[in-house]
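Read the numbers this way: they start at 1 and go in the same order the structure lists the ligands and their atoms.
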Amino acid sequence: MSHQLASELAAATARRDVTTFRPVLLDGQSRDTPAALVELVADPTVVVVDELGEQLEQLVKGRAPCRELSGAQLGDAVERVLEGRAPAAFGTWVFYPWSRRLVHVLPEPLHRELRLDRNRYAITEEEQQRLVGLRVAVAGLSVGRAVVSTMAHEGIGGELRLADFDVLDLSNLNRVSGGVADVGVNKVVLAAREVAELDPYIRVVAFPRGVQETTIAQFLADVDVIVDECDDLEMKVRLREHARAAGLPVVMATSHRGMLDVERFDLEPGRRPFHGLLGDVTSAELGGLTTKQKVPYVIRILDPASLTERAAASMVEVKETVSTWPQLASDVALGGAMVANAIRRIALGAFSASGRFYADLDDLTADGRQAVPAPAPAAEPAPVAAAPPRMPPPGTGAPSPEEVRFIVACASSAPSGGNMQPWRFEAQSDVIRAWVDPTRSSLLDFRNRAALLALGAALEAAKIGARALGFEPVARPVAVDGPVWELALERWTDARDEEAVKFLWRRCCNRRTGSSRPIPEAELARLARRGAPLDARVLAGDALTELGSALGALDRVRFLSPRLRRDLVGELRFTPEETHASRDGIDVASLELDGADLATMDVLRSGAGMELLASLDRGWGLRNAARDAFAASAGAIVLRAAAVDRAALLDAGRGLMRLWLEATRRGLAVHPWGSPFLFQRLLEDGDSLEGWEREALTHAADGFERVVGLERDRPVLLILRISQGDPPSVRSLRRPVDDVLAFAA
Ligand SMILES: Cc1cc2nc3c(=O)[nH]c(=O)nc-3n(C[C@H](O)[C@H](O)[C@H](O)COP(=O)(O)O)c2cc1C
């Protein structure tokens, strides 16, 4: 090498910046900033990075992810954020001396908002604020570097105190982030640079000589949590002695079997360091020991019984064939994750235990430990269908048991809330009586009104069945404390009207949501009139979207309220086996959900996260399915009872059945919505609701009131969404007739 090259190399090496780690922040609005920028930009070694425009757009998009903003709307929204300032004067210009880059970033709160946008709901806004306010001291920056990096990424810590005396070696690069150009630089400097490049607003206090006797008090003053990742046993004990005196939690990950130690000196002032594993030895006593004399203490902390084969073998080989204890990048990354996770939960009050924990990946993900077993070969799904009963042969005199069964099967074909079939029947000579079965009720079934509506529909169906067998069915008056209805069967004619019965078995819900073929409003009005004297009002056009949104708001309440959700989910049958076993409830296949919605339903049914959404006043996306379903349909019919007494509700049920059968004849799809029963509960018995439910229902009622109107004495019973398209995928089942029918002597 020539002498000249050697001296130029030496000069270039001397230019290497191994010390700076603090970014220079230039406030876009400060009067001095333009001059400083001019000077920096004029320097040919400085590179400018200005992505602020893009970031502003992402920010406003992130604030309204439900909206597809047009270019103009996006521009307006960005202008509102800028509040008339020129983009160059907005936010902060950050100069990083070690890389000579000048980066334009958003102001601190907006930088945090956008950078941590994807944390949302894993961490709530309020929680994030608390985390950003934390002061954390980290001693030792190998595993500690992974901790710092994870914390900074996650938005944990507004001030980080970083201590390590060591520089990065090439042999650290099997596990510590960085590159060959970082070798020889102090680990504090490297960690601080990473933090500054991620979030220049985080304050870093550097201790590049490590924690020393003279600086330990300053290192730990007013911190919220101490992270111990240093190798020095004496210092480890000293950190804990300080932590105990100051009442501070200590968290430590050891790159071995995912070991995490948490020592809550803040909650347990008398707790012994290292869970008492070290006995009563003090840092002062350890100070006098040689490395060899410290070995038994290190082993005690590690707990020899917990050592893996490889770790035990390595221990024997340390200073023989290997310089130090082996550590893998995956273990270090895991340690970083575990410590950051523990600190977050400690800070948010979600973790209060002290002790040792293992997240041993070798063990947790060993063969045979999989949480989701290998898929079983797909079984042929059992067909779900409601087969019509066979018509009994013509008879004479009083109805035969077979004829009674047929008529009750017809009655049972009626629709009911959640397909709960809330009825029981009794036959005695030529009379069939029906009762409400109170065990088959739900919260939605306010004052048994949904059940009475269903029994009204069942009465209409029973009459059709009776006529089909040549009987003249006569409904008899009933006592208030007697059955809900009583039907006398008088044999009348041999001519059997089998046609009407066919439609009983064709009638069903069709919950398909695709875009409907249009149905003229006059046809919908004719259909509505078939329900008379039931008050049936047609809604079409724009009102449909508004109605759908109002019913969607009810869906949201039903999913977020634990007991309403239990009711809702309890009515669903998730597999053909479940459907066939109970022969009641609603087969999820009949909800006509696509794969994505089915998967969402699986999450919703578990209830996970619903309480959080309720507490944050979120979950508004749960409205969309109803809104979209109504927007795509041809019309809706609002059914309102004339009064709330039993007779009025039975009449309403009969009207519902007539209307629905007519829709069936016309090939129209009917999808009923019974959720407005909840509004009636709100109006008539608000005290039976819980505070949150009352508030949320009141809010939902506002939207409903605008498009439908609520009347205390003339309740809305059902909304029928009407459309025309493909037939439903599946039909609902009914319980066996003999389960609901008894013959009295
Ligand atoms: C009072 C009442 C409330 C209902 N509420 C709803 C509802 O909110 N959503 C729905 O999809 N179906 C609803 N239905 C329809 C029933 O789920 C349906 O009638 C039952 O599952 C039987 O199915 P089928 O009508 O296809 O025979 C309701 C029915 C009645 C009578």
Side-chain angles (χ1 to χ4, degrees), residues 384-388 409-423 436 440-461 503-513 531 534 548 551-552 554-555 557-559 564 567-573 579 582-593 601 625-626 629-630 633 636-641 649-650 652-657 659-661 663-664 669-680 715-723 727-735:
V384 176
C410 288
S412 286
S413 79
S416 59
N419 195 21
M420 277 297 115
Q421 308 163 45
W423 43 60
V436 167
R440 305 194 137 254
S441 185
S442 69
L443 269 176
L444 214 64
D445 184 12
F446 180 54
R447 296 191 172 147
N448 275 344
R449 288 178 194 165
L452 287 168
L453 186 71
L455 270 138
L459 173 58
E460 188 70 15
F503 285 101
L504 280 185
W505 301 105
R506 273 188 217 149
R507 186 213 58 80
C508 67
C509 293
N510 183 341
R511 303 184 177 94
R512 285 195 187 273
T513 53
L534 176 63
L551 291 172
L554 273 177
D555 280 353
V557 182
R558 292 178 79 188
F559 276 115
L564 292 177
D567 239 32
L568 178 74
V569 173
E571 287 173 350
L572 296 178
R573 305 287 174 262
T579 311
S582 68
R583 300 187 70 86
D584 64 11
I586 298 176
D587 183 346
V588 276
S590 76
L591 299 181
E592 311 287 356
L593 303 175
M601 177 62 87
F630 274 84
S633 58
I637 301 179
V638 180
L639 305 183
R640 203 185 278 279
L649 293 162
L650 287 175
R654 296 186 57 197
L656 164 69
M657 195 63 173
L659 192 161
W660 203 331
L661 289 170
T664 309
V670 175
H671 178 183
W673 296 65
S675 45
F677 275 101
L678 287 173
F679 288 141
Q680 219 55 36
V716 171
L717 298 170
L718 281 183
I719 311 265
L720 305 181
R721 187 173 69 82
I722 310 289
S723 49
S729 312
V730 291
R731 303 279 309 269
S732 61
L733 294 183
R734 294 297 184 275
R735 290 189 293 153

(request) Report yes or no: does Ala454 have a heavy atom closer than 4.0 Å to ligand 1? (result) no

(request) May I ask you to identify the nearest protein heavy atom to atom 13 (C) of ligand 1, giving residue, atom name and distance to one decimal place in Å? (result) Pro672 O, 3.4 Å

(message) At less than 4.0 angstrom from any non-hydrogen atom of Cys508, what atoms of ligand 1 do you find?
(response) 26 (O)

(message) Return the CG to CE distance between Leu568 and Met601, rounded to the nearest 0.5 Å.
(response) 6.5 Å

(request) Run through Arg512, Arg511, His671 and flag the one making a side chain to side chain contact (heavy atoms under 4.5 Å, CB included) with Leu591. (result) Arg511

(message) With heavy-atom distances below 4.0 Å as the criterion, list the atoms of ligand 1 near Gly418.
(response) 17 (O)

(message) Whether Arg506 engages the ring of Phe503 as a cation-pi pair (distance to the six-membered ring centre under 6.0 angstrom, angle to the ring normal within 45°) should be assessed.
(response) yes

(request) Distance to 0.1 Å, residue and atom name: give those for the protein heavy atom nearest to atom 3 (C) of ligand 1. (result) Leu718 CD2, 3.4 Å

(request) Considering the heavy atoms of Cys509, write down every atom of ligand 1 situated less than 4.0 Å from one of them. (result) 15 (C), 18 (C), 19 (O), 24 (P), 25 (O), 26 (O)

(message) Taking the six-membered ring for Trp, are Trp673 and Phe630 closer than 6.0 Å centroid to centroid?
(response) yes

(request) Output, in order, the C-alpha distance, side-chain angles, deciding distance and verdict of side-chain contact (heavy atoms from CB on, under 4.5 Å) for Leu656 and Leu720. (result) CA-CA 10 Å; Leu656 164 69; Leu720 305 181; 4.2 Å; yes

(message) Measuring from atom OG1 of Thr579 to atom CG of Leu733, what distance do you get when rounded to the nearest 0.5 angstrom?
(response) 6.5 Å

(request) Ignoring hydrogens and angles, state whether a donor on the side chain of Ser732 or Arg734 is under 3.5 Å from an acceptor on the partner side chain. (result) yes

(message) Checking a contact table here: which protein heavy atom is nearest atom 21 (O) of ligand 1, and how many Å away?
(response) Asn419 CB, 3.1 Å

(request) Mind listing the closest non-hydrogen atom pair of Ala451 and Asp445 along with its distance? (result) N-OD1, 3.1 Å

(message) Out of all atoms in ligand 1, which are within 4.0 Å of some heavy atom of Leu453? Include the element for each.
(response) 1 (C)

(message) Could you check whether Arg735 and Ser412, counting side-chain N and O atoms only, form a donor-acceptor pair closer than 3.5 Å?
(response) no

(message) I need the atoms of ligand 1 closer than 4.0 Å to a non-hydrogen atom of Trp673, numbered in the order shown.
(response) 7 (C), 8 (O)

(request) Would you tell me which option among Ser412, Ser732, Ser416 has the nearest heavy-atom contact to atom 20 (C) of ligand 1? (result) Ser416

(request) For atom 5 (N) of ligand 1, find the nearest protein heavy atom and state the residue, atom name and distance (0.1 Å precision). (result) Gly674 N, 3.1 Å

(request) Answer with yes or no whether Arg734 contacts ligand 1, where contact means a heavy atom under 4.0 Å from a ligand atom. (result) yes

(request) Identify, by atom number and element, the atoms of ligand 1 in contact range of Pro415, meaning under 4.0 Å from any of its heavy atoms. (result) 19 (O), 25 (O), 31 (C)

(message) Need the ligand 1 atom indices (1-based, order shown) with element for anything under 4.0 Å from a heavy-atom of Ala450.
(response) 1 (C)

(message) Between Asp587 and Arg731, does any side-chain N to carboxylate O distance fall below 4.0 Å?
(response) no

(request) Using a 4.0 Å heavy-atom cut-off, say whether Trp505 meets ligand 1 through its side chain, its backbone, both or neither. (result) neither

(request) Tell me which protein heavy atom sits closest to atom 30 (C) of ligand 1, plus the residue, atom name and distance to 0.1 Å. (result) Gly417 N, 3.3 Å

(message) Looking only at the side chains, is there a donor atom on one of Thr513 and Glu592 sitting less than 3.5 Å from an acceptor on the other?
(response) no

(request) Please confirm whether Arg507 comes under 4.0 Å of ligand 1, counting heavy atoms of the residue only. (result) yes

(request) Look at atom 17 (O) of ligand 1 and find which of Met420, Arg511, Met657, Glu571 reaches it with the closest heavy atom. (result) Arg511

